[in-house]
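Because the structure is predicted, anything quoted here is derived from the model rather than measured. Labels below follow one simple rule: chain letters A, B, ... track the order of the sequence lines, proteins then strands, and each chain is numbered from 1.
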There are 2 protein chains.
Amino acid sequence: MNIRPRTRATSFDVAALAGVSQSAVSRAFTPGSSLAEEKRLRIIEAARKLNYVPNSIARSLTTQRSNIVAVILGNTANPFYLQVLEAFMHRLQAEGRQVLTFTVENGGESDEAILRVLRYQVDGVILTSAQLSTRMVSLCHDRGIPVVLFNRYIPGSDASGVRCANAEGGRQIATAFLAAGARSFAMIKGDPKGTTSQDRARGFVDRLMEAGIGRDAISELEGHSVYDGAHEAVVREFRDGRTKIPDAIFGINDIMAMGAMDALRQRFSLKVPDDVMIGGFDDIAEARRFPYRLTTVRQPIGQMVDETLAILHLDEPHRPIEPGRDVVVPGRLIWRRSIPAPRGDGETKGA
Amino acid sequence: MNIRPRTRATSFDVAALAGVSQSAVSRAFTPGSSLAEEKRLRIIEAARKLNYVPNSIARSLTTQRSNIVAVILGNTANPFYLQVLEAFMHRLQAEGRQVLTFTVENGGESDEAILRVLRYQVDGVILTSAQLSTRMVSLCHDRGIPVVLFNRYIPGSDASGVRCANAEGGRQIATAFLAAGARSFAMIKGDPKGTTSQDRARGFVDRLMEAGIGRDAISELEGHSVYDGAHEAVVREFRDGRTKIPDAIFGINDIMAMGAMDALRQRFSLKVPDDVMIGGFDDIAEARRFPYRLTTVRQPIGQMVDETLAILHLDEPHRPIEPGRDVVVPGRLIWRRSIPAPRGDGETKGA
DNA sequence: TTGAAAGCGCTAACAT
DNA sequence: ATGTTAGCGCTTTCAA
């Protein structure tokens, strides 16, 4: 407590104090390396005395592995992605890896972010809800850094992606609406450049049209993937009273469904689901709460995270990067209160 | 596109291609270093051809600066801290720094997290809502790494902290309740080890007692700083009908106020503010929305982030670390609907 | 302005 | 099992 070293102890300092060679110190901190137990203990003790902490930066320089994974977030306004970030942090931390976090504008280009994380020799890059040029993908792949898109895919790209069965999910919501008797619809779409929004909308519309619903009975609003965007879109669309409020509204993601729901109640004093039914997608924690109790398609975050990490194969750095895999996992419809349940089966577990 | 280098180009490769020395390449990527403009251009061009990206890991090894700041999150279930993380990411990214993110159990020990980020030679550590042993603080300070606690302080500790005027905020909520005519109260407290919760509660109680309210008219619930915790605490407390529901409930933070509000409405069919009034703290985005419209004390996140970064003084690595500063910034009461406004001034801007 | 050379703290052959 | 040594890719004196 008295002396302030002012400078960090190195493995040499520890070696000197413990009376061993520097490489012994290195070995003492490398699980699985051969070192006499007695010696290891002596080294650990010396290290403790000197407040020695191994320098991972130096380590990375020689091993060519940083143990750092970059997570680039494209839409922090959507709690879903924060939940995803949390899941990645937990998993990666448990494996002894570090997470370097980045945000880019909602749905914006992540090229600059990639360039920056590349400098830090990250072992892998995870991208959520952000655009990515193919040039950046090959830049990463050329240096042996796998890139995986979470909840996105770029057709024909070298980058792999993990996503939910979006079109199928859209269909599920459509089916639920139909079962509840809806005949006119609106959907609030998100980022027009993102495949996620497109796919969900496509599945939704396809299913409706299969049921004989006309295209003109399905209107489209732009909510820009955020709460306020959906809120404003709804107010704007129905404010003048000339546009009839549809029987059912599909928010392409929960946060927009919530924005729409609040707008409907606040500005038009409508009841959900009595006056309008609403469906969402994601199953974020917020949407499960009392004021919303949103019927939605749950994205299995845990499973998607697992798949993402599997593609990254951080443990086997030398395994070649598999190009352009597109892993899709099924979502699950969670019945809550925002769509009347067909045969009164009410709220499913998970509410 | 044809050749896959399989190995990253180094400054030597670039130097060779550009016909200059390796140090020239280094200078070309170091703003402010003296290098003929013509040469710099040639180097940049060669670098582009080789897809060269400077290796920050190697750079850090010599400069002893990593340009990485660690953010350790102690309660990711509270959106407030995610908002804080976002703010830090924005600010730090804009300055060209990287953010290494960590989560620890809600209110848990962050010692292990510190040890891990220390290995990466981070330039500074920001801690939100987590406990920290004084030993870790000196470990960091001894190596010249400043630590600052966000929204927390440890009396007598060497670690600096930035926080809101918590006690004063608690007083403001109490004053608002009193003005609205409340005479019986409950407060939902968070992490009992955290000073934040304690301070807010203290200010709240002090103010009430000054107004002649008896200590027995103020009950205390434990909400563990999370939505569900507050929800359950409220249900548990009032379920049997023997405990009278108070006039006003203070959620020590917004997310708990929301949980309480939902419990009151869902389980006891109570109206807010007609039957119970509710006050919060933080002013998170969720609490501003239609179903909640919570009257709360806004924490000026931007200002707090500024103060935090000022203490970190990342630009002047050699300036000594100022020990144990405790910066407190004032919060502001935001009137919304969960407490009846005294003279009908209703919703303040920011609703 | 430019290049040569000495490290930064560590790992990993290699030799013992 | 342990020590010696040669780098990892960069920055930074120091000379020229």
Separation of C:dG3 atom P from B:Arg40 atom CZ, nearest Å, is 13 Å

Report yes or no: do A:Gln121 and A:Ser66 form a side-chain donor-acceptor pair below 3.5 Å?
-> no

Under a 4.0 Å N-O cut-off, is there an ion pair linking B:Asp13 with B:Arg8?
-> no

Among residues 32-39 of chain A, which residues get a heavy atom nearer than 4.0 Å to DNA chain D?
-> A:Ser34, A:Leu35, A:Ala36, A:Lys39

Can you tell me if A:Ser11 and A:Gln22 form a side-chain donor-acceptor pair at under 3.5 Å?
-> yes

Using the C1' atoms of the five pairs at each end, what is the angle between the end axes of the helix from C:dT1-D:dA16 to C:dT16-D:dA1, to 10°?
-> 30°

Within this structure, what is the CD1-to-C1' distance between B:Ile57 and C:dC10, rounded to whole angstrom?
-> 12 Å

Rounded to whole angstroms, how far apart are CZ on B:Arg143 and P on C:dG9?
-> 11 Å

Separation of C:dC8 atom P from A:Asp13 atom CG, nearest Å, is 11 Å

Between the protein and nucleotides 11-14 of chain C, are there any N/O to N/O pairs under 3.5 Å, and if so, what are the atom names and distances?
from: C:dT11; atom 1: OP1; to: A:Arg59; atom 2: NE; distance (Å): 3.0
from: C:dT11; atom 1: OP2; to: A:Ser26; atom 2: OG; distance (Å): 2.3
from: C:dT11; atom 1: O4'; to: A:Thr62; atom 2: OG1; distance (Å): 2.8

When the distance from CD of B:Gln64 to C1' of C:dC10 is rounded to whole Å, what number comes out?
-> 13 Å

To the nearest Å, give me how far apart CZ (A:Phe12) and C1' (C:dG7) are.
-> 11 Å

Check whether any side-chain heavy atom of A:Val25 lies under 4.5 Å from a side-chain heavy atom of A:Val20, and answer yes or no.
-> yes

Can you tell me how far P of C:dG9 sits from CG of B:Leu118, to the nearest Å?
-> 14 Å

Taking atom types as modelled, is there a side-chain donor on A:Ser225 or A:Asp191 under 3.5 Å from an acceptor on the other?
-> no

Cation-pi geometry met for A:Arg116 and A:Phe102 (6.0 Å, 45°) = no

Main-chain N/O of B:Glu86 paired to B:Arg91 side chain as donor or acceptor, under 3.5 Å = no

Side chains of A:Ile126 and A:Val69 in contact at under 4.5 Å (non-hydrogen atoms) | yes

Is the shortest distance from a Lys or Arg side-chain nitrogen in B:Arg42 or B:Glu45 to a carboxylate oxygen in the other one below 4.0 Å?
-> no

Quick one: does B:Arg97's side chain get under 4.5 Å of B:Gln93's, heavy atoms only?
-> no

Side chain to side chain donor-acceptor pair (under 3.5 Å) involving B:Glu307 - partner list, sequence neighbours excluded = none

Mind checking the CG-OG1 spacing from B:Leu73 to B:Thr103? Nearest 0.5 Å is all I need.
-> 7.0 Å

For B:Ser21 and for A:Thr10, locate the closest nucleotide of DNA chain C by heavy-atom distance; then report the residue assigned to the nucleotide nearer the 5' terminus.
-> B:Ser21

Please collect all ring pair (Phe, Tyr, Trp, His ring centres under 6.0 Å) contacts where either partner lies in residues 34-87 of chain A, sequence neighbours excluded, each pair once.
-> A:Phe29-A:Tyr52

Could you give the start and end, 5' to 3', of the contact zone on DNA chain D for chain A, using atoms under 4.0 Å from its heavy atoms?
-> D:dA1 to D:dG9

